[in-house]
Asks: 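Submitted below is the structure of interest, expressed as structure tokens.
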There are 2 protein chains.
Amino acid sequence: MSYDNVALAEPGVGRGRVAVRRHARPKVAVDTVLFAIDQARVKAYLVCLRWGPSAGKWAFPGGLVRDGEMLDEAARRELRESTGLEDCYLEQLCSFGDPNRDPKAHVVSVAYLALIDRTCAVHSCSPKYSNGQWFEVGHLPELAYDHAEIAAYAVRRLKSKLEYTNIACNLLPPSFTFAQLEELYGIVLGRVLDRRNFRRRILAMNLLKRLPLERRGNHRPAALYAFRQRSLQVIEML
Amino acid sequence: MSYDNVALAEPGVGRGRVAVRRHARPKVAVDTVLFAIDQARVKAYLVCLRWGPSAGKWAFPGGLVRDGEMLDEAARRELRESTGLEDCYLEQLCSFGDPNRDPKAHVVSVAYLALIDRTCAVHSCSPKYSNGQWFEVGHLPELAYDHAEIAAYAVRRLKSKLEYTNIACNLLPPSFTFAQLEELYGIVLGRVLDRRNFRRRILAMNLLKRLPLERRGNHRPAALYAFRQRSLQVIEML
DNA sequence: CCAAAAGTGTTGAGTATACACCCATGA
DNA sequence: TCATGGGTGTATACTCAACACTTTTGG
């Protein structure tokens, strides 16, 4: 590819033009869709932009990638600055590069999906933003840039990964009951699941280990489970 | 996100440093993995780099995205310049952003997957490259940058999409026999398929229409089929 | 009439779904 | 003892995989 010589090598592009262009290359940003389950709803964390032409609009936290920085490092850094989260599940979604997606400049955004197990884990909000808040997915406010598209993509990805990976472990506390797990699946997939069949299916995947503990409450105690691995595990379904 | 103010808003980064950084932002490139089936093998098109520290190494065709250019436009342009292809299936894979992936500069690459139905559709080779050639996937030469990783990702994506979309239509001529289709699946998936079961499965997906034509040859004539749609169609498997 | 590839059905195993009752606990 | 949620088994429909012979054509 020889990136450095590309402009010279491109047929039909004069040298004079190249010189001008050198400093008008697209920038790279990351934007992170952070999801958590709260009150039986999938929620996404949005920040309210303080500056620029989109000031006052809501968006996913993000920002420019620094020179020498890995993409996911950038995503983690922006997320930390906007939410105080030190560590969470993070996965790249897709890149969005419409030159008009940001009215001010050509910014290519690499979108990320992040998951945490409780909304209250989010504390601080960067001075970059005037506000930060959880919104129910499906009732998001009007979003800046092309973030509505990013949101739709993230929801689709979450749903599909729930079906063939152990990704759910990032939306639940370290130990949980089957009822909690089933509720999570029901909420995200948007349909009720048969308790017996659900339990069988999940156990067949062998993702869980039963803990020698029970959750005690007002009623019959419920066995607690944990995921065997917290790292992403894909279920083969040949 | 307010991209423009991000540097100022970042805590712990002094203003002096920011000024220096402004012109050292990562660049954006696209790299395209072009596949075709040839002689019962999956092949990928590689170009040999002429300039830069990786000169002499093979890589997927690609280059920097221009200001104001859509990502897929950039991928198509680079592909056109390197292969002469005017139009083909193109889909975004993933972005690769390791700052050390290119020894010369921090370049974030958005990888693309491209498919054509015959290797001989590739003609020209940009003066940017010293050579261009088809290689059997699985016997690729040593690749520049992180292109080996990109190659692995592209192969995985192709295999999985073959199973639940009509993507195969981009690897076949407009009309084809069931034997050709079955051969294609066998080659890409790397295993032999039962002819009767394969036919049943494919017909159940309802992706094909039977043409009122036959391919005549030395033996019994074979019915010709075509895909109903050439646009990407995802099969729901609830 | 022979070789070569095209085309076609059935059976059995395993998997997924639908469904209802008993259990353990705290109040 | 009752209300509440936790936990389990079975019968059936369906899907998927395995498998072999007949047909059509050109030479």
Side-chain angles (χ1 to χ4, degrees), chain A residues 37 39-40 159-160 162-165 168 172-187 189-227 234-238, chain B residues 37 39-40 159-160 162-165 168 172-173 175-227 234-238:
Chain A
I37 306 293
Q39 299 184 317
K159 282 189 187 180
S160 76
L162 210 54
E163 309 226 38
Y164 68 94
T165 72
L172 286 172
S175 72
F176 50 86
T177 66
F178 246 103
Q180 286 176 275
L181 184 63
E182 188 191 330
E183 191 198 16
L184 166 64
Y185 272 78
I187 291 165
L189 300 179
R191 58 193 155 101
V192 240
L193 303 166
D194 181 88
R195 196 175 357 140
R196 295 152 288 188
N197 295 334
F198 177 77
R199 176 183 289 253
R200 217 193 340 265
R201 273 219 317 276
I202 297 288
L203 288 175
M205 293 182 190
N206 199 33
L207 297 175
L208 303 184
K209 55 171 180 253
R210 182 164 182 164
L211 301 177
L213 299 168
E214 292 184 328
R215 185 196 61 182
R216 306 189 71 85
N218 278 355
H219 306 293
R220 175 172 174 177
L224 286 171
Y225 290 82
F227 280 89
V234 175
I235 314 306
E236 291 301 333
M237 313 178 288
L238 291 184
Chain B
I37 306 294
Q39 299 184 318
K159 282 188 186 179
S160 76
L162 210 54
E163 310 227 39
Y164 68 95
T165 71
L172 286 173
S175 71
F176 50 87
T177 66
F178 245 102
Q180 285 176 276
L181 184 64
E182 188 191 330
E183 191 199 16
L184 166 64
Y185 272 77
I187 292 165
V188 176
L189 299 179
R191 57 192 154 102
V192 238
L193 302 166
D194 182 87
R195 194 172 1 138
R196 296 152 288 187
N197 294 336
F198 177 77
R199 176 184 291 253
R200 215 192 342 264
R201 274 220 314 279
I202 297 288
L203 288 176
M205 293 183 191
N206 200 32
L207 298 175
L208 304 183
K209 56 170 180 252
R210 181 163 185 167
L211 301 176
L213 299 167
E214 291 184 330
R215 185 194 62 181
R216 305 189 72 86
N218 277 355
H219 306 292
R220 175 172 174 176
L224 286 171
Y225 290 82
F227 281 89
V234 176
I235 314 306
E236 291 302 334
M237 315 179 286
L238 289 186

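In what follows, chains carry the letters A, B, and so on, assigned in the order in which the sequence lines appear, proteins first and then strands, with residues in each chain numbered from 1.
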Asks: What is the distance, rounded to the nearest whole Å, between atom CG of A:L203 and atom C1' of C:dA16?
Replies: 15 Å
Asks: Answer whether the closest heavy-atom distance between the side chains of B:L208 and B:L181 falls below 4.5 Å.
Replies: yes
Asks: Could you check whether the rings of B:F176 and B:F227 sit parallel, tilted or perpendicular, using 30° and 60° as the cut-offs?
Replies: tilted
Asks: Between B:V188 and B:I37, is there a side-chain heavy-atom distance shorter than 4.5 Å?
Replies: yes
Asks: Can you tell me if the side-chain N/O atoms of B:R215 get under 4.0 Å from OP1 or OP2 in C:dA6?
Replies: yes
Asks: Between D:dT4 and A:H219, counting only base atoms on the nucleotide and side-chain atoms on the residue, is there a donor-acceptor pair under 3.5 Å?
Replies: yes
Asks: Roughly, in whole Å, what's the span from CD in A:Q180 to C1' in D:dG5?
Replies: 13 Å
Asks: Judged by each residue's nearest nucleotide on DNA chain C, which is more toward the 5′ side, B:F178 or A:G217?
Replies: B:F178
Asks: Counting just side-chain N and O atoms, does B:R199 come under 4.0 Å of either OP1 or OP2 of C:dT8?
Replies: yes
Asks: Without decimals, in angstroms, what is the distance between A:F176 CZ and D:dG6 P?
Replies: 14 Å
Asks: Mind checking what makes side chain to side chain contact (heavy atoms under 4.5 Å, CB included) contact with A:A222, not counting sequence neighbours?
Replies: A:T177, A:R215
Asks: With side chain to side chain contact (heavy atoms under 4.5 Å, CB included) as the test, would you mind laying out the steps for A:L189 and A:K159 before giving the verdict?
Replies: CA-CA 6 Å; A:L189 300 179; A:K159 282 189 187 180; 4.3 Å; yes
Asks: What's the CD-P distance between B:E183 and C:dA5, to the nearest Å?
Replies: 12 Å
Asks: Looking at side-chain heavy atoms only, is the closest gap between A:I235 and A:T165 below 4.5 Å?
Replies: no
Asks: Can you measure A:L193 atom CG to C:dA16 atom P for me and round it to whole angstrom units?
Replies: 14 Å
Asks: Return the value, rounded to whole Å, for the distance between atom CG of B:N218 and atom P of D:dT24.
Replies: 18 Å
Asks: Quickly work out the B:R220 CZ to C:dA5 C1' distance and round it to whole Å.
Replies: 9 Å
Asks: Would you mind reading off the distance between B:E163 atom CD and D:dC16 atom C1', rounded to a whole angstrom?
Replies: 14 Å
Asks: Answer with base, sugar-phosphate or nothing: what part of the nucleic acid does A:R216 contact at a heavy-atom distance below 4.0 Å?
Replies: sugar-phosphate
Asks: Considering only nitrogen or oxygen atoms on both sides, find all protein atoms under 3.5 Å from nucleotides 9-15 of chain C and state each distance.
Replies:
none

Asks: Side chains of B:Y185 and B:L162: does their closest heavy-atom pair fall under 4.5 Å?
Replies: yes
